[in-house]
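Reading through the structure tokens given below for one structure.
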Protein chains: 2
Amino acid sequence: MEGGRPTRLTPDDTAVAGGRLRNAGLRATRPRQTVLALLDGWAGHHAVDDLSAALVDLGHRFPRQSVYNVLDDLVRVGLALPADTGPGRALYERAGDWHHHFVCLDCGAVMDVPCAIGDKPCLDAAVPGAEIDEAQVIFRGRCADCADRGPADA
Amino acid sequence: MEGGRPTRLTPDDTAVAGGRLRNAGLRATRPRQTVLALLDGWAGHHAVDDLSAALVDLGHRFPRQSVYNVLDDLVRVGLALPADTGPGRALYERAGDWHHHFVCLDCGAVMDVPCAIGDKPCLDAAVPGAEIDEAQVIFRGRCADCADRGPADA
DNA sequence: CTCGTTCCTTTGACTCCGTCCAATCAACCC
DNA sequence: GGGTTGATTGGACGGAGTCAAAGGAACGAG
């Protein structure tokens, strides 16, 4: 799997992240650069706590609130995406093609599902008068690993 | 809208609910009968706290945990549905036709969106080896009321 | 009807995620 | 290199959901 959790962030990484931030109209502060660089090098879906822990491992300790602030900003300008997987703690992922998510009911794994359309909104709904921005699909079931392990046990 | 919050629960209501519980393989305990009767007579999507408050108004005070337990059981046997609307507090609704949800980004209103198929899974996904039980769609945008109130203000 | 087993309910405290607020500090513009 | 604007920080708060243990109720058998 490409994009495993980065083991270090080079000055280049943060510099690139800074440019992208400024391009998006955001100030290139250290927390933002760091979080964005981390997210860019780390595929998958990550809870705020996981991101915080990863940052600590990389030598950057930020308060919880800073991570929340940064993620809110990144989502607002489209540099990060909130990964909809239903109730529970929020997950974030780096920006990319519009896609959906499959959630395993057994092990909780989350994986991307390519969207047939690739842009949003990719489905239409019969809601009179409403403006639909996006249609997010959550597939639920049992992933290949769990399906192999047994018909329906715990 | 039919099915506004019930103002009372008759002995008949709870008796009927008891029968449905036993049919589903559950013991017909008082909390279960009461919650199920309330849910059946109350269309829409309700948070656990809202249900608790409604129960108090009806003269039934149950601990939070009892409501959680009952809802878990009802969902497990298919007498209630968790209404997927993304991160945040969990919403529940009475069982019925399989459908999706539209969430207004401005006012937070949740409304049902009929599913074209009406059964699950209503969409397919390219997840090799996985068993897909359901595909839940969350539409996001601005509801008719909010769209009328202004182009894109707060 | 009564007993007994099994399952459910209840109680309280606890954990975790996310938010609010005020004060300090840094980034960008000139 | 200052000044202004905006972001970061830290502590405290609230709310949703969970865990474990003890008491109580529902159903079936006798």
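Per chain, numbering begins at 1; letters A, B, ... match sequence-line order.
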Which pair of heavy atoms, one from A17(A) and one from Q33(A), lies closest together, and at what distance? CB-O, 3.6 Å
Considering only dA16(D), dT10(C), dT5(D), which nucleotide approaches the side chain of R27(A) most closely? dT5(D)
Rounded to whole angstroms, how far apart are CG on N69(B) and C1' on dA20(D)? 12 Å
The side-chain hydrogen bond (donor to acceptor under 3.5 Å, both in side chains) partner of H45(A) among D50(A), T85(A), D112(A), D84(A) is D112(A)
Rounded off to whole Å, could you give me the OH-to-P distance for the Y68(A) and dC21(C) pair? 18 Å
Distance check needed: dG14(D) C1' versus Q65(A) CD, whole Å only. 14 Å
Option among D13(B), D12(B), T14(B) that satisfies the side-chain hydrogen bond (donor to acceptor under 3.5 Å, both in side chains) test with T10(B): D13(B)
R32(A) vs dA27(C): side-chain N/O to OP1/OP2 distance below 4.0 Å: no
Starting from P on dG24(D), measure out to CZ on R30(B) and report it in whole angstrom. 16 Å
Out of dC28(C), dT8(D), dG17(D), which has the shortest distance to the side chain of S66(A)? dT8(D)
Walking DNA chain D from its 5' end, the first of R22(B) and G88(B) to be reached, judged by nearest nucleotide, is G88(B)
Geometric class of the F62(A)/H60(A) ring pair [parallel <30°, tilted 30-60°, perpendicular >60°]: parallel
Whole-Å gap separating P (dT8(D)) and CG (L26(A)): 9 Å
Taking only the side-chain nitrogens and oxygens of R64(B), find out if one of them lies under 4.0 Å from OP1 or OP2 of dG12(C). no
T29(B) or T29(A): which one's nearest nucleotide on DNA chain D is closer to the 5' end? T29(A)
Per D73(B) side chain, nearest of listed nucleotides dT6(C), dT9(C), dA27(C): dT9(C)
Separation of dA16(D) P from R89(B) CZ (nearest whole Å): 6 Å
Taken to the nearest whole Å, CG/L91(A) to P/dG18(C) is 9 Å
Atom-to-atom span, CG of L51(A) to P of dC17(C) - whole angstrom: 12 Å
Using a heavy-atom cut-off of 4.0 Å across all strands, would you classify A47(A) as base, sugar-phosphate, or nothing? nothing
Run the side chain to side chain donor-acceptor pair (under 3.5 Å) test on E93(B) and H99(B) for me, step by step, so that the C-alpha distance in whole Å, both residues' side-chain angles and the decisive distance to 0.1 Å come before the verdict. CA-CA 11 Å; E93(B) 62 187 327; H99(B) 61 270; 3.1 Å; yes
Choose from dC28(C), dA26(D), dT8(D) the nucleotide whose nearest atom is closest to any side-chain atom of P31(A). dT8(D)
